[in-house]
Trainee: 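My questions will all concern the structure given below.
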2 protein chains.
Amino acid sequence: MNNNFRCNCPITSALDIVGDKWTLVIIKQMLLEGKKTFKGFSESDEAIASNILSSRLKMLEELKIITREKLPHNKKTNIYVLTEKGLGLTPTIIELTLWSDLNIREHHSSIISDNRIEMIKKNKEEFIKMIVEVYKQKTDYNKT
Amino acid sequence: MNNNFRCNCPITSALDIVGDKWTLVIIKQMLLEGKKTFKGFSESDEAIASNILSSRLKMLEELKIITREKLPHNKKTNIYVLTEKGLGLTPTIIELTLWSDLNIREHHSSIISDNRIEMIKKNKEEFIKMIVEVYKQKTDYNKT
DNA sequence: TTTTATTACTTTTGTTTTACAAGCAAAAAT
DNA sequence: ATTTTTGCTTGTAAAACAAAAGTAATAAAA
C-alpha cells in the first residue's frame with residue numbers, strides 16, 4: 001500500500017486521497033450532519049450516485065479514515081464511523097468553511113450562512129474540539 | 001456566475017471549486033514553491049499535463065483566485081500571482097500538511113518530512129501569517 | 001537585416017479513465 | 001409477501017491524460 005501517489009510532497013499526497021469532488025463531502029456529512037448509513041448519504045442534497053458512494057466508502061475504509069460497523073440487532077445496515085484519522089480532517093473542513101463564507105458568496109448567492117461562523121471565528125480551536133467531542137459522544141451512543 | 005454548484009452548503013461549494021486533483025496543487029506550488037509561470041508549473045514533480053494546467057489557470061483567474069500579469073519587458077511570459085482570495089486558502093493547505101504528516105506516512109513511506117512541521121505545530125497562526133507575508137514580499141519584488 | 005532556433009504557452013487529437021443516471025438484485029427486516 | 005438497505009450493472013457522458021502540433025514573442029546566427 002505504497003502506491004498511487006503522484007510524488008513525495010505531503011500536500012500533494014493528501015490531495016491524492018481527499019482531492020476529489022466527493023471524499024470531503026462524505027466526511028462533512030458524517031461530521032456535521034450526523035450521516036452514517038449508505039441511505040443517509042444517498043439522500044443528501046449533493047445527490048451522490050450509489051456506485052460512486054460505494055467506491056468512496058470502500059476507499060475510506062481501506063485507508064482507515066472510516067470504519068464499517070453493524071448495530072447489535074441489525075445485520076444489514078452498515079454504520080460508517082469516522083476514525084481518529086478521519087476526525088483529523090476536521091480542521092481542514094473548518095478552514096474550507098471559513099474560506100467559503102468569505103469568498104464564495106459572490107459566485108453563489110443562495111449559499112447558506114452557517115450560523116456557527118461567528119462561533120468559529122471567535123474561537124476556532126475550541127470549536128473544532130467541540131465538534132469532535134460531540135461526534136464521539138453521538139458515536140458512542142449509536143454503538144450502545 | 002451563479003451556477004455549477006451542487007447545492008447550498010458552503011463546504012460543498014468550496015469543494016466545487018477546489019475539490020479536484022490539481023487546483024490546490026497549483027496553489028501550493030505558488031504559495032510554497034515560488035512557482036509563477038506556466039513553465040514552472042509544467043516542470044513540477046507532479047507533472048501536470050499542459051492542457052489541464054491551462055484550463056485550471058483560466059478557471060482560477062476567472063474566479064479571481066489568481067491574477068495573470070506580465071513583466072515590463074517581456075510580452076511572452078505570464079506571471080501568475082495569488083490574490084487575497086487565493087492566499088485565503090493558506091490555512092486549508094497548512095491543515096492538509098499537518099494531517100498528511102500525521103496520517104499518510106503509513107501508506108506512503110517515501111513522503112518528505114517537511115522540516116517546518118515543528119514550526120507549524122508550535123505556532124500555526126504565526127506560521128500562516130509568515131508564509132503569506134513572505135509570498136507578498138516576493139510578489140512585490142517580482143513586479144518592480 | 002533576414003533567417004533560424006528557442007521559449008512559453010495554447011490547442012488539438014485520440015485514448016483511457018472516471019462520473020453519472022437508471023435500473024436491477026440480494027439479503028435482511030417487517 | 002413486501003419493503004428496506006446496500007451495492008452492482010449497464011450504457012452514456014464528461015474529464016483526464018499523453019503526445020503532438022500550433023502560435024506568437026524573443027534570441028541568436030548568417
Side-chain angles (χ1 to χ4, degrees), chain A residues 3-7 12-13 15-27 29-30 33-63 66-81 142, chain B residues 3-7 12-13 15-27 29-30 33-63 66-81 142:
Chain A
N3 232 334
N4 308 345
F5 289 95
R6 278 173 281 184
C7 62
T12 302
S13 299
L15 292 169
D16 284 329
I17 294 173
V18 302
D20 78 291
K21 205 175 155 180
W22 289 112
T23 302
L24 283 177
V25 167
I26 292 170
I27 293 169
Q29 290 179 352
M30 297 177 80
E33 295 167 12
K35 300 273 171 72
K36 53 184 187 260
T37 62
F38 194 94
K39 193 174 178 253
F41 301 123
S42 292
E43 288 170 347
S44 66
D45 288 348
E46 286 90 355
I48 185 168
S50 70
N51 52 352
I52 294 162
L53 175 57
S54 192
S55 79
R56 285 302 186 288
L57 289 172
K58 205 165 282 172
M59 181 269 283
L60 290 171
E61 193 189 350
E62 273 166 16
L63 291 173
I66 64 175
T67 57
R68 186 164 44 89
E69 305 175 2
K70 301 274 189 198
L71 292 179
H73 299 297
N74 185 331
K75 288 175 192 163
K76 197 160 102 184
T77 307
N78 293 324
I79 307 291
Y80 298 97
V81 181
N142 288 332
Chain B
N3 231 334
N4 309 347
F5 289 97
R6 278 173 281 184
C7 62
T12 303
S13 299
L15 292 168
D16 284 329
I17 294 173
V18 302
D20 78 290
K21 203 176 157 181
W22 291 111
T23 302
L24 283 177
V25 168
I26 292 170
I27 293 169
Q29 290 179 353
M30 298 177 79
E33 295 167 13
K35 301 274 171 72
K36 52 185 189 258
T37 62
F38 194 94
K39 193 172 177 257
F41 300 123
S42 292
E43 287 170 347
S44 65
D45 287 347
E46 285 90 355
I48 186 168
S50 68
N51 51 354
I52 294 162
L53 175 57
S54 195
S55 79
R56 285 301 186 289
L57 290 172
K58 206 166 280 172
M59 181 270 283
L60 290 171
E61 193 189 351
E62 275 167 17
L63 291 174
I66 63 174
T67 58
R68 184 163 45 88
E69 305 174 3
K70 300 274 190 198
L71 292 179
H73 299 297
N74 184 334
K75 289 176 192 163
K76 199 161 94 182
T77 308
N78 293 325
I79 307 291
Y80 298 97
V81 180
N142 287 334

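Heavy atoms only: backbone and side chains are in, while hydrogens, waters and symmetry mates are out. Bear in mind that the values here come from a model prediction, so they are computed numbers and not experimental data. To find a chain, count down the sequence lines: A is the first, B the second, and so on, and within it residues start at 1.
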Trainee: Give a yes/no answer on whether the side chain of Lys75(B) brings an N or O atom under 4.0 Å of OP1 or OP2 in dA25(D).
Mentor: no
Trainee: Counting just side-chain N and O atoms, does Asn78(B) come under 4.0 Å of either OP1 or OP2 of dT10(C)?
Mentor: yes
Trainee: Roughly, in whole Å, what's the span from CZ in Phe38(B) to C1' in dA25(D)?
Mentor: 16 Å
Trainee: What pairs with Lys35(A) under salt bridge (Lys or Arg N to Asp or Glu O under 4.0 Å), at least two apart in sequence or on another chain?
Mentor: Glu33(A)
Trainee: Which part of the nucleic acid does Phe41(B) contact within heavy-atom distance under 4.0 Å: base, sugar-phosphate only, or nothing?
Mentor: nothing
Trainee: Ignoring backbone atoms, establish whether Ser42(A) has a side-chain N or O less than 4.0 Å from OP1 or OP2 of dT5(D).
Mentor: no
Trainee: Got Ile52(A) and Trp22(A) here, is their nearest side-chain heavy-atom distance under 4.5 Å?
Mentor: yes
Trainee: Can you tell me how far apart CG (Leu57(B)) and OH (Tyr80(B)) are? Round to the nearest 0.5 Å.
Mentor: 5.0 Å
Trainee: Could you list the protein-to-nucleotides 3-5 of chain C atom pairs, N/O on both sides, closer than 3.5 Å?
Mentor:
none

Trainee: Would you classify Thr37(B) as touching base, sugar-phosphate or nothing, given that sugar-phosphate means primed atoms plus P, OP1 and OP2, and contacts are heavy atoms under 4.0 Å?
Mentor: sugar-phosphate
Trainee: Identify, with sequence neighbours excluded, every residue that meets side-chain contact (heavy atoms from CB on, under 4.5 Å) alongside Thr67(A).
Mentor: Glu69(A), Val81(A), Thr83(A)
Trainee: Is any side-chain N or O of Tyr80(A) closer than 4.0 Å to OP1 or OP2 of dG7(D)?
Mentor: yes
Trainee: How long is the gap from OG1 on Thr23(A) to CD1 on Ile17(A), to the nearest 0.5 Å?
Mentor: 9.5 Å
Trainee: Rounded to the Å, how far apart are Asp16(A) CG and dA16(D) P?
Mentor: 15 Å
Trainee: State which residues pass side chain to side chain donor-acceptor pair (under 3.5 Å) with Asp45(B); sequence neighbours excluded, sorted by chain then number.
Mentor: none
Trainee: Using a heavy-atom cut-off of 4.0 Å across all strands, would you classify Lys58(B) as base, sugar-phosphate, or nothing?
Mentor: sugar-phosphate
Trainee: If the test is side-chain contact (heavy atoms from CB on, under 4.5 Å), which one of Thr77(A), Ile79(A), Leu53(A), Asn78(A) qualifies with Phe38(A)?
Mentor: Leu53(A)
Trainee: Provide, to the nearest angstrom, the distance between the CG atom belonging to Leu71(B) and the P atom belonging to dC9(C).
Mentor: 10 Å
Trainee: For the CD1 atom of Ile66(B) and the CE atom of Met30(B), what is their distance to the nearest 0.5 Å?
Mentor: 5.0 Å
Trainee: Classify every nucleotide of nucleotides 14-27 of chain C by which part a protein heavy atom approaches to under 4.0 Å, writing B for the base, S for the sugar-phosphate alone and - for neither, in 5'-to-3' order.
Mentor: -----SBB-B---B
Trainee: Would you mind reading off the distance between Leu53(B) atom CG and dC9(C) atom C1', rounded to a whole angstrom?
Mentor: 9 Å
Trainee: In chain order, what residues pass the side chain to side chain donor-acceptor pair (under 3.5 Å) check against Lys39(A), with sequence neighbours excluded?
Mentor: Glu43(A)
Trainee: Rounded to whole Å, how long is the line connecting atom CD of Glu46(B) with atom P of dC17(D)?
Mentor: 12 Å
Trainee: Whole angstrom is fine here: how far is it from NZ in Lys39(A) over to P in dA28(C)?
Mentor: 19 Å
Trainee: When you get a sec, tell me which of dA25(D), dA28(C), dT6(D) is the closest nucleotide to the side chain of Asn74(A)?
Mentor: dA28(C)
